Amino acid sequence: MSEGTFGNPEVVEEEVDILLIGGGMGACGAAYELGPWLEQAKADGHEIKVKLVDKAAMDRSGAVAQGLSAINTYLGDNDPADYARMVSNDLMGITRDDLAYDLGRHVDDSVHHFEDWGLPIWKQPGDEGKPLVDGGKPVRSGKWQIMINGESYKWIVAEAAKKALGTERIQERVFIVKLVNDKNDPNRVAGAVGFNVREHKLHVYKFKACLLVAGGCVNIFRPRSVGEGTGRAWYPVWNAGSTYAMAAEAGAELTMMENRFVPARFKDGYGPVGAWFLLFKSKAINAYGEEYLSKDGAQELLKPYYPYNKAAVTPSCLRNHVMLNEMIEGRGPIYMDTVTALGDLAKNMTPKEIKHLEAEAWEDFLDMCIGQAGVWAGENIEPEKKNSELMPTEPYLLGSHSGCCGIWVSGPTDLGAPTEELHAEKDKVPGHLPNGWNWGYRSMTTVKGLFTAADGVGASGHKFSSGSHAEGRMCAKSMVKFVMDNKDWTPELNTSVDELIEDIYRPVRTFLEHKDYTTAIDVNPNYITPKMLQFRLQKIMDEYVAGVATWYRTNAKMMEVAEGKLEMLKEDALKMRAKDLHELLRAWENYHRILAAEAHMKHIQFREESRYPGFYYRMDHNYTDEENWKCFVNSIYDKDSKKWTVFKRAHVDIVSKPAPKD
Ligand code: SFD
Ligand code: AMP
């Protein structure tokens with residue numbers, strides 16, 4: 001085969017049984033779990049071929065690239081049913097208890113493996129060096145969270161994944177652009193296509209099953225960091241909505257795409273707040289020193305969002321809601337009162353212990369958000385002497401952190417349902433789950449052969465890094481089963497390789513055809529640079545779809561405008577140019593972003609209430625409406641007509657929830 005050139009790539013075709021798209025926490029979990037299953041299948045006389053493709057290098061790819069300072073989901077002595085309750089409560093009542101419970105009962109095993117592979121987990125005094133599995137008591141920052149020395153977290157997890165799968169089964173620096181449906185069954189995936197971001201190669205994979213775990217979606221809203229700070233964001237900028245966009249184009253049902261996460265973070269550096277609130281027992285205060293969340297009036301503000309205002313722990317979005325009110329009413333800036341928190345903690349400490357405490361505060365940033373330590377250093381902030389500003393960030397789409405947008409998947413088969421109604425149905429419904437919640441293979445989407453995990457799975461947030469890994473492992477098992485059940489099936493792509501090349505390299509052709517029309521490479525009436533197109537998307541989303549420009553507010557009329565503008569943006573996206581492989585990557589990332597953004601907008605438009613105040617407001621329906629909207633909002637995209645069908649699915653509590661106390 002001839003070596004490829006720019007726009008005329010060498011085509012590499014490969015057929016496997018299982019393709020893993022992504023190299024983050026979900027993919028590493030799947031890779032680790034697959035190892036022994038592949039050995040077992042081999043011993044039984046079946047070879048299962050697997051390939052993992054990551055757009056970056058696994059050692060530092062995805063959300064955990066910089067490291068983390070806490071593992072936010074470790075159950076220990078907690079009950080998985082309580083975990084499902086917490087997830088539901090924080091996400092305003094609309095989550096899949098079956099998925100959350102399932103995750104809760106499996107997640108700790110991944111954490112035990114992390115420790116075994118070398119991840120240092122903080123232990124309580126007297127238990128230092130004693131592993132969790134031997135009864136070592138972790139330092140808990142909160143009920144569900146444990147502290148780690150996690151700068152090298154991703155290296156450690158990736159190393160185990162590579163070892164289990166074998167590096168010959170891993171292909172780094174290939175960006176997957178789209179899934180390809182099966183020629184004989186439009187509701188089945190048969191392949192995926194992507195390009196190498198370093199060499200002129202197009203990769204075409206055929207498979208029986210595929211795990212799509214390309215993370216969440218960042219940079220669809222104009223970020224607070226612009227100009228000199230461009231590129232600084234909270235969630236990983238390199239996760240561009242590929243999971244949601246590619247699944248949608250393949251025909252998978254999405255769920256809760258109206259949900260978003262707007263984290264309150266240390267201003268400008270996006271540093272984490274969890275350890276400060278939970279471990280150091282710090283409080284957020286307004287400019288006048290008032291602890292606004294507990295002052296008179298906070299409850300009044302939350303009243304329209306009944307019954308979630310009654311929760312024992314105020315949901316994340318409602319905490320934001322009160323903070324935003326302070327800022328809008330002119331009582332900002334908002335501060336994390338680090339001075340009081342560290343002072344209180346230091347009261348009964350020796351000077352050596354105080355130094356240690358201060359080091360922990362710095363390490364919290366150095367482990368996972370070095371930029372924030374830079375802000376502290378640059379602004380002469382010593383947390384024991386000077387408070388730091390907090391700020392709600394631009395919105396992010398994700399399904400594994402404190403958000404729950406994503407793809408609708410098949411639940412576990414062995415969970416019973418406690419309600420009368422469901423018991424009556426139990427003979428008709430597999431695993432006793434409500435109809436439409438289970439179709440045999442855990443984590444398979446509504447498209448045959450397409451699985452997802454972690455940020456990909458909707459309606460079950462609060463999995464975090466550990467839960468994402470555990471969910472990847474569950475997928476590995478169900479994919480192996482799927483492959484064994486479909487041993488004799490051969491994938492056939494419904495699109496020819498020539499057509500795929502034609503489509504994927506359009507930005508390159510556009511550039512080569514028109515580049516000589518002007519003398520300034522970036523100024524040309526025949527094309528738009530990916531960077532400029534991204535700015536347009538961010539402006540539309542920011543100004544009309546409840547970004548920071550409007551304090552996260554929108555209404556039906558604003559979304560009507562957004563709809564029209566997004567339509568035009570989609571048309572103009574066909575005019576994106578790619579002057580090199582880097583821009584080709586940027587062009588396709590933007591394409592994925594636009595689809596994810598469109599799904600987000602369509603869902604917000606459909607849900608006529610404000611389910612997540614503090615994350616976004618439908619000002620024309622500024623309340624939670626339990627009667628009409630305590631339901632999932634799901635959607636299906638038709639890539640030929642480019643139309644979305646958005647609809648309701650009934651919500652059922654599988655785990656009982658306490659009635660709110662008035
Ligand atoms: O402080 C393609 N997360 C936290 N989890 C915790 O347990 N503790 C914390 O402390 C956490 N916090 C936190 C977290 C994340 C970030 C960025 C910060 C702080 C600053 C959350 C977890 O990290 C998160 O839940 C999981 O990582 C999600 O896993 P997954 O597998 O869904 O996504 P990924 O790890 O980002 O990996 C995505 C992979 O896909 C690749 N990729 N590959 C091929 N083709 C394409 N088109 C692709 N698009 C993307 C990526 O390269 C990557 O490998 S705290 O805030 O609470
Ligand atoms: P964060 O650093 O904000 O991502 O938070 C890490 C963990 O702490 C997540 O599990 C959050 O839900 C939790 N958390 C953060 N802030 C608070 C708070 N004020 N109250 C309760 N839980 C919190």
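One-based numbering, in listed order, for ligands and for the atoms of each. In this text, all values refer to a predicted model and were calculated from it rather than measured experimentally.
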Number the atoms of ligand 2 from 1 as they appear, then name those within less than 4.0 Å of a heavy atom of Phe464, with their elements.
-> 9 (C), 10 (O)
With heavy atoms of Ile71 as the reference, note each atom of ligand 1 found under 4.0 Å away.
-> 7 (O)
Check Leu278 against ligand 2 and report side chain, backbone, both or neither, counting heavy atoms closer than 4.0 Å.
-> side chain
Are Asn219 and Arg593 close enough that some pair of their side-chain heavy atoms sits under 4.5 Å apart?
-> yes
Test item, Arg60 contacting ligand 1 (heavy atom, 4.0 angstrom) = no
Using heavy-atom distances, let me know which of Phe175, Tyr235, Tyr153 sits nearest atom 24 (C) of ligand 1.
-> Tyr235
Scan side-chain atoms only and decide if Ser69 and Asp364 contain a donor-acceptor pair under the 3.5 Å cut-off.
-> yes
Please say whether Ala27 places an N or O atom under 3.5 Å from an N or O atom belonging to ligand 1.
-> no
Trace of the ring pair (Phe, Tyr, Trp, His ring centres under 6.0 Å) decision for Phe175 with Trp588 | CA-CA 9 Å; Phe175 179 79; Trp588 282 107; 8.2 Å; no
What's the shortest distance from atom 30 (P) of ligand 1 to any protein heavy atom, and which residue and atom give it?
-> Ala454 CB, 3.7 Å
Subset of ligand 1 atoms that lie under 4.0 Å from at least one heavy atom of Ser61 = 52 (O), 53 (C), 54 (O)
Just need the protein heavy atom nearest to atom 23 (C) of ligand 2, so name the residue and atom and give the distance.
-> Arg319 NH2, 3.5 Å
Is the NZ or CZ atom of Arg140 both under 6.0 Å from the centre of the six-membered ring of Trp122 and within 45° of that ring's axis?
-> no
Indicate yes or no: at least one non-hydrogen side-chain atom of Asn320 is less than 4.5 angstrom from one of Leu318.
-> no
Please say which of His113, Lys163, Lys162 ends up in a side-chain contact (heavy atoms from CB on, under 4.5 Å) with Tyr32.
-> His113
Identity and distance of the protein heavy atom lying nearest atom 23 (O) of ligand 1 | Val64 CG2, 3.3 Å
Please verify whether a non-hydrogen atom of Ala70 lies at under 4.0 Å from ligand 1.
-> yes
Looking only at heavy atoms, is any part of Val174 under 4.0 Å from ligand 1, and if so is it the side chain, the backbone, or both, or is it neither?
-> backbone
Looking only at protein heavy atoms, which one is nearest to atom 37 (O) of ligand 1, and how far off is it?
-> Gly24 CA, 3.1 Å
Looking at ligand 1, does Cys369 have a heavy atom less than 4.0 Å from it?
-> no
Any idea which protein heavy atom is nearest atom 4 (C) of ligand 1, and the distance to it?
-> Leu68 CD1, 3.6 Å
So, is His401 polar-close to ligand 1, with some N/O to N/O distance under 3.5 Å?
-> yes
So do the side chains of Met58 and Leu52 get within less than 4.5 Å of each other, counting heavy atoms only?
-> yes
Per-atom contacts of ligand 2 with Gly274, taking only distances under 4.0 Å to non-hydrogen atoms = 1 (P), 2 (O), 3 (O), 5 (O), 6 (C), 8 (O), 15 (C)
Identity and separation of the nearest protein heavy atom to atom 34 (P) of ligand 1 = Ala63 N, 3.6 Å
What are the atoms of ligand 2, with element, lying closer than 4.0 Å to any heavy atom of Val273?
-> 2 (O), 3 (O)
Flag Ser465 as yes when one of its N or O atoms lies below 3.5 Å from any N or O atom of ligand 1, and as no otherwise.
-> yes
The closest protein heavy-atom partner of atom 52 (O) of ligand 1 is Asp54 OD1, 2.6 Å
Filtering Ser402, Gly26, Gly241 for the heavy atom nearest atom 31 (O) of ligand 1 leaves Gly26
Check each of Trp234, Trp238, Tyr74, Tyr396 against atom 20 (C) of ligand 1 and report the one with the nearest heavy atom.
-> Trp234
Considering only heavy atoms of His401, which atoms of ligand 2 have at least one such atom less than 4.0 Å away?
-> 4 (O)
For Pro236, the ligand 1 atoms whose distance to one of its heavy atoms is below 4.0 Å | 17 (C)
Between Val218, Ile176, Asp455, Val457, flag the one that comes closest to atom 47 (N) of ligand 1 by a heavy atom.
-> Ile176
Atom 6 (C) of ligand 2: nearest protein contact (heavy atom, Å) | Asn72 ND2, 3.4 Å
Out of Arg265, Gln145, His462, indicate the one that has the non-hydrogen atom closest to atom 7 (C) of ligand 2.
-> Gln145
